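Data first, discussion second: the structure below is written as structure tokens.
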Amino acid sequence: EFVLPLCVGSIAWWLGKKAHDYTHKWAVYVRGPNNEDLSHIIKRVTFELHEDFVPQVRSVEQQPFEVNETGWGEFEIGITLHFTPDARESEAKLF
């Protein structure tokens, strides 16, 4: 067992009244508290988006572990951390 402090979150920006198809630009991310290098412990982060996004499953294999998109609504995002062999753990589901 090990402890790894992480910041997991999302942020959205309103695109304004003149936006046509989408109302917001947004990002979801996994970071270290001080943006430190996590590559020695995290091999990949998988984000599972709403089914309307193609592709729905996004795997990010290097930092920044982040997905940027545009959209108009709210939905839950599944996040799975895949660890390096040094971690002695295979994966952890966050949401």
Side-chain angles (χ1 to χ4, degrees):
E1 180 177 319
F2 66 94
V3 176
L4 178 63
L6 294 174
C7 292
V8 178
S10 63
I11 188 167
W13 300 269
W14 183 52
L15 295 175
K17 292 181 181 180
K18 295 183 181 182
H20 293 284
D21 296 331
Y22 305 108
T23 59
H24 290 78
K25 180 178 178 181
W26 57 267
V28 59
Y29 56 85
V30 175
R31 300 180 181 148
N34 298 304
N35 284 326
E36 53 270 77
D37 182 13
L38 300 172
S39 63
H40 65 286
I41 203 85
I42 296 178
K43 176 174 59 176
R44 179 176 72 247
V45 177
T46 303
F47 298 92
E48 298 172 41
L49 308 180
H50 187 273
E51 62 190 24
D52 287 345
F53 290 94
V54 177
Q56 180 182 4
V57 177
R58 313 280 177 94
S59 290
V60 181
E61 297 188 4
Q62 62 185 20
Q63 288 185 254
F65 297 115
E66 179 175 299
V67 171
N68 293 281
E69 269 290 354
T70 54
W72 54 268
E74 292 182 20
F75 58 94
E76 292 185 15
I77 299 175
I79 299 174
T80 304
L81 305 178
H82 303 269
F83 297 108
T84 63
D86 292 342
R88 298 187 188 142
E89 297 285 339
S90 61
E91 64 181 42
K93 288 194 174 280
L94 302 182
F95 301 107

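Sequence positions, counted from 1, serve as the residue numbers for this chain. Note that this is a predicted model, so its numbers are computed, not measured.
In this structure, V57 and E48 approach most closely via the heavy-atom pair CG2-CG, 4.3 Å. Pairing each heavy atom of V28 with each of F47, the nearest pair is CG1-CD2, 3.7 Å. Contact between D21 and W72 at its shortest, heavy atoms only, is O-CD1, 4.4 Å. Taking every heavy atom of both residues into account, P5 and P33 meet most closely at O-CD, 3.4 Å.
Partner of E69 under the side-chain hydrogen bond (donor to acceptor under 3.5 Å, both in side chains) criterion, chosen from R58, K25, H50: R58. Looking at E61, E91, Q62 one by one, the single match for side chain to side chain contact (heavy atoms under 4.5 Å, CB included) with R44 turns out to be E61. Considering T46, V30, V67 in turn, V30 is the only one that fulfils the side chain to side chain contact (heavy atoms under 4.5 Å, CB included) rule with I79.
Separating the NZ atom in K43 from the NE2 atom in H82 is a distance of 8.0 Å, to the nearest 0.5 Å.
Checking side-chain atoms of E89 against main-chain N and O of A87 turns up no donor-acceptor pair under 3.5 Å. Within the 3.5 Å criterion, the main-chain N or O of S39 finds a donor-acceptor partner in the side chain of D37.
For the pair L81/I41, no side-chain contact is recorded, criterion being any heavy-atom separation below 4.5 Å from C-beta on. L6 is not listed as a side-chain neighbour of F65, based on a closest heavy-atom distance of 4.5 Å or more.
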Where do H40 and T84 land on the side-chain contact (heavy atoms from CB on, under 4.5 Å) test, with the steps shown first? CA-CA 7 Å; H40 65 286; T84 63; 5.9 Å; no
Could you walk me through whether R31 and E66 pass side-chain contact (heavy atoms from CB on, under 4.5 Å), step by step? CA-CA 9 Å; R31 300 180 181 148; E66 179 175 299; 2.8 Å; yes
Passes side-chain contact (heavy atoms from CB on, under 4.5 Å), F83 versus I42? Steps please. CA-CA 4 Å; F83 297 108; I42 296 178; 4.3 Å; yes
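No chain of hydrophobic side-chain contacts below 4.5 Å, direct or via other Ile, Leu, Val, Met, Phe, Trp or Tyr residues, connects Y29 to I77. By the rule that hydrophobic residues join a cluster once side-chain heavy atoms approach within less than 4.5 Å of another member, L4 and V8 end up as members of one cluster. Cluster membership for L49 and L94, using ILVMFWY side-chain heavy atoms within less than 4.5 angstrom, is shared.
For an aromatic pair to be called close, the ring centres must be under 6.0 Å apart, and F75 with F53 satisfies this.
The 12-atom threshold is exceeded at CH2 of W13, counting heavy atoms of other residues, nucleotides or ligands nearer than 6.0 Å.
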